[in-house]
Peer 1: 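So that we are looking at the same thing, I have put the structure below in structure tokens.
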Amino acid sequence: MTRAHEIKNRIIPYQMLYEAISGTHSLVENILPDHGIPSLRMGLKHIKSVINDFILKEREGLPVIGHHFAFPTEFLYAFDCVPVCIEATSYLLSALLPDGSEPYYDLITHWGHPFHTCSSQKGTMGMTLDDLFQFDAIITPTAPCDNTYASYPFFRFHKKIPVITPDLPFLKEDKSYPYLGEQIKLGLEELGRVIGQEPDYDKLRRALEIENKIFSMQMEIFELKKTLPCPVENMFNAMAAAASIYLSGRPEKITFYEEMLSIAKQRYTRKEHHAGEEKIRSIWPYMIIFFDLALCEWLDRELGMSILFDIFNYNFAEPIDTTSDLETMLNGMAIKTMEAPMVKQSAEFYYSFIDECVHLAKEFSADCYVFTSHLGCKQFGSVPQILREALRDEVGIPMLLIDLDVGDKRMTSEKIIKDKIKLFAQTLL
Ligand code: SF4
């Protein structure tokens, strides 16, 4: 059900995002050579078109639904709505605006929210405090971290926005998936009541089928990264993370992956690296640095350092069975939710994370790890030293630790980060 809207724009940050993406895209198109950073060119083109579609839909009066990235965007295509990922919006703006999302971190901090919580939420919280976002409802599973638990009540209690919270179990056992599947269904039904729509499971099924089609391409690209040199540029990691939210469940994502796979295959055949010579192969087991995406290209070009993948690019859930009954589909959705980046790592003890890191280092012939220890991620604060020891003992490779806030350049500056990586690289060459 749509409702006529006389009120002002309820997604002003999407307008800001659209303008920032348009400006960057036009620079990329007009300044870079034809073959320069294809993932950036294609990613921005598709994201721009989807954001524009959201802006038009908001004007038609469709409900604006906020969601945590741990509740995959395509699940919201059970409704006619404008989805807004709370975390991705903070970080995409942090990457594209000259001042990043910092003014909004400050706004919410001055309101009283602790400064040391996750900037992925703080940005959108500040924007909502300022009424730049006006959500009709928000949905988040009870995961993946304390920051989520501590931050979302702001929307419910201060802004009086209905916040729906499907319960996500910690245990990864057979009984967990039907339980979470039921929770997702109840969550969608409750959301439907709030916005005055019935969940349309056929529409949802079609969105999930698009994601299923992309899975095999994602796996092919992942496999190609095992080759030396890596045939995929560092920037792909950033664009694939953005695509996993903004293009989720949409045909634009299929096109993006078809284009990237074709380029990766060509480079693989020619044994070609995006930016000349690959000297160092690194794995970033947590996040890349969102406030400075140019760092990806700098590492490729200046240091010959490949980022093989970051946390958003090595966690893949199997395709969801959409051909059986609803219960089976919900079960698949539950598995995908529990395998989502950060949920998978944060909802259990770290043995499996450490094992996986060791395994990935061997499989992908990594020369080193770079661990970005994000201020908000308290639950990950104890991991780096254990991981460093495991990588040294089991694989014989070093790990660089960088303390920072991945979305706020004021905590650790671009210069300090580059100096640290440069020094580290010298020890490897
Ligand atoms: S980055 Fe860390 S603190 Fe922020 S949402 Fe993810 S798990 Fe939570």
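Remember, it's 1-based here, ligands and their atoms both numbered in the order they're listed.
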Peer 1: For ligand 1, does Y286 get within less than 4.0 Å through its side chain, its backbone, both, or neither, judged by non-hydrogen atoms?
Peer 2: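 For Y286, only side-chain atoms sit under 4.0 Å from ligand 1.
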Peer 1: Can you confirm whether the side chains of S119 and D408 place a donor and an acceptor under 3.5 Å from each other?
Peer 2: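 No pair is found: no donor N or O on one side chain lies under 3.5 Å from an acceptor on the other.
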Peer 1: Under a 3.5 Å cutoff, is there a donor and acceptor pairing between the side chains of T73 and Y246?
Peer 2: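 The criterion, which ignores hydrogens and geometry beyond distance, is not satisfied for Y246 and T73.
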Peer 1: Check D131 with K159, please: is the shortest side-chain N to carboxylate O separation under 4.0 Å?
Peer 2: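 Salt bridge: yes.
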Peer 1: Looking at H274, K279, E233, H273, which one forms a side-chain hydrogen bond (donor to acceptor under 3.5 Å, both in side chains) with S306?
Peer 2: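 Exactly one pass, corresponding to H273.
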Peer 1: Which of the atoms of ligand 1 are close to H374, meaning less than 4.0 Å from one of its heavy atoms?
Peer 2: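 Contacts of ligand 1 toward H374, numbered from 1: 1 (S).
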Peer 1: Using 2.8 Å as the cut-off, note every protein N, O or S atom close to atom 8 (Fe) of ligand 1.
Peer 2: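 For atom 8 (Fe) of ligand 1, the protein N, O and S atoms that sit under 2.8 Å away are C145 SG.
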Peer 1: Does P199 reach the side chain of E189, with side-chain heavy atoms less than 4.5 Å apart?
Peer 2: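 Side-chain contact under 4.5 Å: yes.
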Peer 1: Of all heavy-atom pairs between D136 and P63, which one has the smallest distance, and what is that distance?
Peer 2: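 So the two residues come closest at OD2-CA, 3.3 Å.
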Peer 1: Looking only at heavy atoms, is any part of M287 under 4.0 Å from ligand 1, and if so is it the side chain, the backbone, or both, or is it neither?
Peer 2: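 Looking at M287 and ligand 1, just side chain atoms fall under 4.0 Å.
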Peer 1: Do we get K122 above Y105's six-membered ring, with its NZ or CZ under 6.0 Å from the centre and within 45° of the axis?
Peer 2: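 Output yes; distance and angle both within limits.
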